[in-house]
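Predicted model only: the values in this text are computed from it and were never measured. Lettering follows sequence order; numbering is per chain, from 1. No hydrogens, no waters, no symmetry mates; every other heavy atom, side chains included, goes into these values.
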There are 2 protein chains.
Amino acid sequence: MNSKKGIQRFPTPRHNHATCVNTAMHQAEDYCNRTGVRLTQLRRRVLELVWSSHRPVGAYDLLEQLEPKGRKAAPPTVYRSLDFLLEHKLIHRIDSLNAFIGCNQPGHEHDAQFFICKACGEAAELIDPKVERALVKDANQLGFNIEKQTVEIAGLCNRCHQGRKK
Amino acid sequence: MNSKKGIQRFPTPRHNHATCVNTAMHQAEDYCNRTGVRLTQLRRRVLELVWSSHRPVGAYDLLEQLEPKGRKAAPPTVYRSLDFLLEHKLIHRIDSLNAFIGCNQPGHEHDAQFFICKACGEAAELIDPKVERALVKDANQLGFNIEKQTVEIAGLCNRCHQGRKK
DNA sequence: AGAACAATGTAATATCATAACATTACTCAA
DNA sequence: TTGAGTAATGTTATGATATTACATTGTTCT
């Protein structure tokens with residue numbers, strides 16, 4: 001599922017998701033060990049929850065899952081962990097959904113493109129240098145200095161599109 | 001400032017903004033007359049407020065400006081007008097800012113790219129077929145059916161970038 | 001004039017996010 | 001090992017954005 005170039009196909013129901021989670025958690029641990037930042041229990045737990053699917057997930061959804069029984073955590077609890085994970089590029093924020101999704105190239109500075117299915121909610125992360133190049137060229141012509149790209153494509157994945165045709 | 005291809009340069013302080021507003025309002029009127037939808041007082045007022053600058057503006061900012069004296073309007077008032085203007089492609093929503101900006105190709109179905117200066121807040125709307133083509137190609141490879149593109153580039157415009165170098 | 005529908009007003013509430021300050025946990029030098 | 005300094009988390013309150021539901025007003029068309 002993971003590769004240097006990001007997910008190349010849409011996540012399928014058949015894929016072994018445990019592998020995705022494992023890879024992500026190990027990469028996060030490696031990154032934190034290498035750079036000397038702390039992947040605390042809470043941060044690890046939030047990262048696991050984000051990685052529980054390939055669907056962008058909202059902060060308050062995560063919050064509910066954090067304390068399934070009894071007293072519940074307050075918003076800053078989850079937002080601080082999300083901020084940490086964002087800062088270290090372990091997750092991405094999907095602005096068009098106010099939601100968060102695991103990153104495929106953790107700890108590595110990059111701007112990605114997201115293809116997000118409106119029906120099943122799953123998302124694929126791509127890094128297409130052509131998109132990047134075209135945007136950089138446009139920016140140059142405008143005299144604009146890019147800091148961050150937000151490229152989020154909404155639509156229907158193949159499965160859901162087929163399903164609707166019936 | 002306006003053209004068939006969208007703003008090609010960043011809005012400058014020197015440009016005659018009254019022309020931008022005039023053009024936008026006339027295009028909106030034409031569109032509504034042609035298609036038989038109603039550009040009511042309220043909707044016109046909201047559109048004018050959105051066009052009062054080239055900066056994306058928040059719904060609550062608009063709301064405040066709607067009733068400068070005395071009783072103030074409630075959120076649905078402005079959101080309904082914004083929904084109408086969005087539906088008819090007279091404005092765009094900038095997801096990364098939760099804000100709204102006038103559209104340069106009103107009433108015309110298109111996906112644009114936005115370059116938004118973090119310092120001065122001004123934004124330029126471009127339509128670069130290369131970006132579109134690259135994304136469509138990626139989508140095809142994923143078996144993905146695009147419905148809507150969100151391409152929002154944050155950074156510094158030339159003016160603000162120069163200013164910071166000093 | 002009045003029926004049908006579109007637009008707007010109003011009150012309440014949902015959803016997403018941060019500020020400010022208190023408490024706990026960790027690190028590291030002495 | 002201890003305690004001072006810092007990092008992380010807990011807690012309460014509030015800010016910012018957006019929607020639901022229902023009442024009222026305005027427009028259109030016979």
Side-chain angles (χ1 to χ4, degrees), chain A residues 28-29 32-33 35-50 55-88 90-101 116 121 150 152, chain B residues 28-29 32-33 35-50 55-88 90-101 116 121 150 152:
Chain A
E29 277 157 19
C32 291
N33 287 337
T35 59
V37 298
R38 290 169 55 197
L39 188 61
T40 61
Q41 278 258 291
L42 181 64
R43 290 166 176 172
R44 177 193 306 272
R45 182 109 174 72
V46 171
L47 183 57
E48 278 170 359
L49 289 172
V50 168
R55 284 184 287 280
V57 56
Y60 279 71
D61 279 357
L62 294 169
L63 200 47
E64 276 181 20
Q65 295 175 260
L66 269 184
E67 306 276 355
K69 36 190 155 194
R71 76 188 191 293
K72 58 174 179 253
T77 298
V78 73
Y79 277 106
R80 279 192 288 232
S81 287
L82 290 170
D83 287 346
F84 170 87
L85 297 170
L86 284 170
E87 185 183 348
H88 294 286
L90 299 171
I91 61 174
H92 292 280
R93 184 174 201 279
I94 303 296
D95 285 336
S96 56
L97 297 176
N98 294 337
F100 303 85
I101 190 170
I116 307 155
T150 300
E152 300 168 8
Chain B
E29 276 158 19
C32 291
N33 286 337
T35 59
V37 299
R38 290 169 55 197
L39 188 62
T40 62
Q41 278 257 292
L42 181 63
R43 290 165 177 173
R44 176 193 307 272
R45 181 109 173 74
V46 171
L47 184 57
E48 278 170 358
L49 289 173
V50 169
R55 285 183 286 279
V57 56
Y60 279 71
D61 279 356
L62 295 169
L63 200 47
E64 277 181 19
Q65 295 175 262
L66 269 184
E67 305 276 354
K69 38 191 153 192
R71 76 190 192 290
K72 59 173 178 255
T77 298
V78 73
Y79 278 106
R80 279 190 291 231
S81 287
L82 290 170
D83 286 347
F84 170 87
L85 296 170
L86 284 170
E87 185 183 348
H88 295 287
L90 299 172
I91 61 174
H92 292 280
R93 185 174 200 279
I94 304 296
D95 286 336
S96 55
L97 298 176
N98 294 338
F100 304 85
I101 190 170
I116 308 156
T150 299
E152 300 169 8

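With sequence neighbours excluded, no residue forms a side-chain hydrogen bond (donor to acceptor under 3.5 Å, both in side chains) with E48(B). With sequence neighbours left out, R80(B) forms a side chain to side chain contact (heavy atoms under 4.5 Å, CB included) with P76(B). Partners of R55(B) by side-chain hydrogen bond (donor to acceptor under 3.5 Å, both in side chains), not counting sequence neighbours, listed by chain and number: E122(B). Applying the ring pair (Phe, Tyr, Trp, His ring centres under 6.0 Å) rule to F84(A) yields the partners H88(A); only residues at least two apart in sequence or on another chain are considered. Scored by the side-chain hydrogen bond (donor to acceptor under 3.5 Å, both in side chains) test, T77(A) finds no partners at all (sequence neighbours excluded).
Computed from coordinates, the L97(A) CG to dT15(C) C1' distance equals 14 Å when rounded to whole Å. Look at CG on D95(A): it is 14 Å from P on dT17(D), rounded to the nearest Å. Rounded to an integer number of Å, the gap from CG of D61(A) to P of dA14(C) is 16 Å. Look at CG on L63(B): it is 14 Å from C1' on dT19(D), rounded to the nearest Å. As rounded to whole Å, 11 Å separates atom P of dT18(C) from atom CG of N98(B). The interatomic distance linking Y79(B) (OH) with dT8(C) (P) rounds to 17 Å, in whole Å. dT15(C) atom P lies 15 Å from atom CG of L62(A), rounded to whole Å. Rounding to whole angstrom units, CG of residue L39(B) and P of dA7(C) are separated by 11 Å.
Residues P56(A) and G121(A) share a closest heavy-atom pair of CD-O, 3.2 Å.
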Every protein N/O within reach of nucleotides 7-16 of chain D N/O, cut-off under 3.5 Å:
| from | atom 1 | to | atom 2 | distance (Å) |
| --- | --- | --- | --- | --- |
| dA8(D) | OP1 | R43(A) | NH1 | 3.2 |
| dT9(D) | OP1 | T40(A) | OG1 | 2.5 |
| dG10(D) | OP2 | T77(A) | OG1 | 3.4 |
| dG10(D) | N7 | R80(A) | NH2 | 2.5 |
| dG10(D) | O6 | R80(A) | NH1 | 3.0 |

